[in-house]
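Beneath this line is the structure, given in structure tokens, with notes to follow.
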Amino acid sequence: MDLKLKDKVIIVTGGSKGIGLGIVQTLVKEQAIPFIVSRNEASVLEVVNNYKKEGVELHYAIAELTDNEQCKAAVDAVINTYGRIDGLVNNAGVNDGVGLEHGNYEDFIKSLKRNLVHYYLMAHYALPELKKSKGAIVNIGSKTSVTGQGGTSAYAASNGGRNALTREWALELLPYSIRVNAVIVAECYTPLYDSWIKTFDDPKAQLEKITSKIPLENRMTTAEEIADTVAFLLSEKSSHTTGQLIFVDGGYTHLDRAL
């Protein structure tokens, strides 16, 4: 299926690793123009240089997304480079384990900035261009907003906020024909996930325990599967879909895992 994303300029935050990189790779395949925004310069340059070898030029902005001014500067860099913005994928974030019992005010607020506030900032600064292009926003979320996880209050709250903002923005932006949806992730194997699994005494056993509870095929969701859904939601093929929370999780969140 031709998603008709050719030459569409799409911002992808956290686009140099994990799910974000998967989204960038899919967008390149669809001949879109992903613009990576990340604080990790080394990983960004690795991605950009690898694509350069294939004859694909990617642009990027290095930004600490917890900083308001750097968010604005990143969006300005996209406009200065391409003169337009057709889509925004809010993806960057980290499950940083700020819980209720052992957390504190400072870490809770810091986590909200790392995982939620920049979703608002990037959308706010990109909005004037998205209004011109009648573009689309896709927010990447987590099952923790629905299932909880334990010991990660700030991350769960941030993801609840992402879901709420998805519905709120879909409503507010109706007059501009800007569609806003979210893709909710459960168990997807990324570098961050790999680091977390390795904290267990027996990582292999822990991974098998988790995958055994994923209803569809007892396997992890791939970054490519997340990315394909994101590309669809950015495209005109989903032209009457807005305000939706799409769970790409092999049934993990809603199907009875006791079966």
Side-chain angles (χ1 to χ4, degrees), residues 13-25 38-44 46-47 64-66 90-116 118 139-163 182-227 229-230 245 247-259:
T13 66
S16 61
K17 288 185 176 182
I19 291 170
L21 177 56
I23 293 167
V24 166
Q25 291 169 336
S38 173
R39 66 181 177 180
N40 192 322
E41 186 169 10
S43 65
V44 172
E46 181 179 359
V47 173
E64 172 51 65
L65 293 173
T66 60
N90 277 318
N91 163 74
V94 59
N95 191 339
D96 46 15
V98 181
L100 178 62
E101 182 178 5
H102 301 294
N104 57 71
Y105 170 81
E106 290 78 12
D107 288 342
F108 185 80
I109 295 301
K110 182 180 179 180
S111 183
L112 293 181
K113 290 181 178 180
R114 295 175 75 180
N115 289 298
L116 177 62
H118 63 80
N139 295 320
I140 305 300
S142 164
K143 67 175 174 61
T144 58
S145 62
V146 177
T147 64
Q149 187 178 65
T152 188
S153 294
Y155 186 68
S158 294
N159 278 285
R162 293 174 185 179
N163 293 356
V183 172
I184 312 301
V185 181
E187 305 297 333
C188 181
Y189 210 87
T190 65
L192 278 174
Y193 199 99
D194 182 66
S195 297
W196 174 72
I197 279 291
K198 288 176 178 175
T199 63
F200 290 87
D201 293 335
D202 189 342
K204 183 179 179 181
Q206 182 66 23
L207 185 60
E208 290 175 352
K209 178 181 177 181
I210 293 168
T211 55
S212 70
K213 292 181 172 64
I214 300 173
L216 185 59
E217 301 177 347
N218 302 124
R219 66 171 177 84
M220 306 285 283
T221 307
T222 68
E224 183 179 9
E225 287 169 327
I226 302 295
T229 303
V230 171
L245 310 179
F247 288 76
V248 183
D249 66 352
Y252 185 95
T253 307
H254 294 103
L255 300 187
D256 187 351
R257 293 189 292 282
L259 298 175

Going by ring-ring contact (aromatic ring centres under 6.0 Å, His included), name the residues that satisfy it together with F108, two or more places apart in sequence or in a different chain. none
Side-chain donor or acceptor of N159 paired with backbone N/O of S142 under 3.5 Å: yes
Should the heavy atoms of other residues, nucleotides or ligands under 6.0 Å from NZ of K143 be counted, would the total exceed 12? yes
Taking side-chain contact (heavy atoms from CB on, under 4.5 Å) as the test, write out the residues that go with D194, two or more places apart. Y189, K198
Donor-acceptor check, side chain of T13 to backbone of A92, threshold 3.5 angstrom: yes or no? yes
State whether the side chain of H254 and the backbone N or O of F247 hold a donor-acceptor pair below 3.5 Å, judged by distance alone. no
Using modelled atom types and a 3.5 Å cut-off, is there a donor and acceptor pairing between side-chain atoms of R39 and backbone atoms of L65? no
What's the spacing between I197 CD1 and L207 CG if we round to 0.5 Å? 5.0 Å
Testing the 3.5 Å rule here: is there a donor-acceptor pair between the side chains of E225 and T222? yes
Side chain to side chain contact (heavy atoms under 4.5 Å, CB included), that's the test. Do V248 and V185 meet it? Break it down for me. CA-CA 6 Å; V248 183; V185 181; over 6 Å; no
Provide the closest heavy-atom pair for G250 versus P215 in the form atom of the first, atom of the second, distance. O-CD, 3.4 Å
Pairing of R219 and E187 as salt bridge, 4.0 angstrom limit: no
From CA spacing to verdict: side-chain hydrogen bond (donor to acceptor under 3.5 Å, both in side chains), N163, S145: CA-CA 8 Å; N163 293 356; S145 62; 2.9 Å; yes
Taking atom CG of L21 and atom CD of E224, what is their separation to the nearest 0.5 Å? 11.5 Å
Taking atom types as modelled and ignoring hydrogens, do the side chains of N95 and T152 form a donor-acceptor contact shorter than 3.5 angstrom? yes
Verify the neighbour count for atom CG of L255: are there more than 12 heavy atoms of other residues, nucleotides or ligands below 6.0 Å? yes
Sequence neighbours excluded, which residues qualify as side-chain contact (heavy atoms from CB on, under 4.5 Å) partners of N104? E106, D107
Could you tell me whether D96 and R114 make a salt bridge, using a distance below 4.0 angstrom between a side-chain N and a carboxylate O? yes
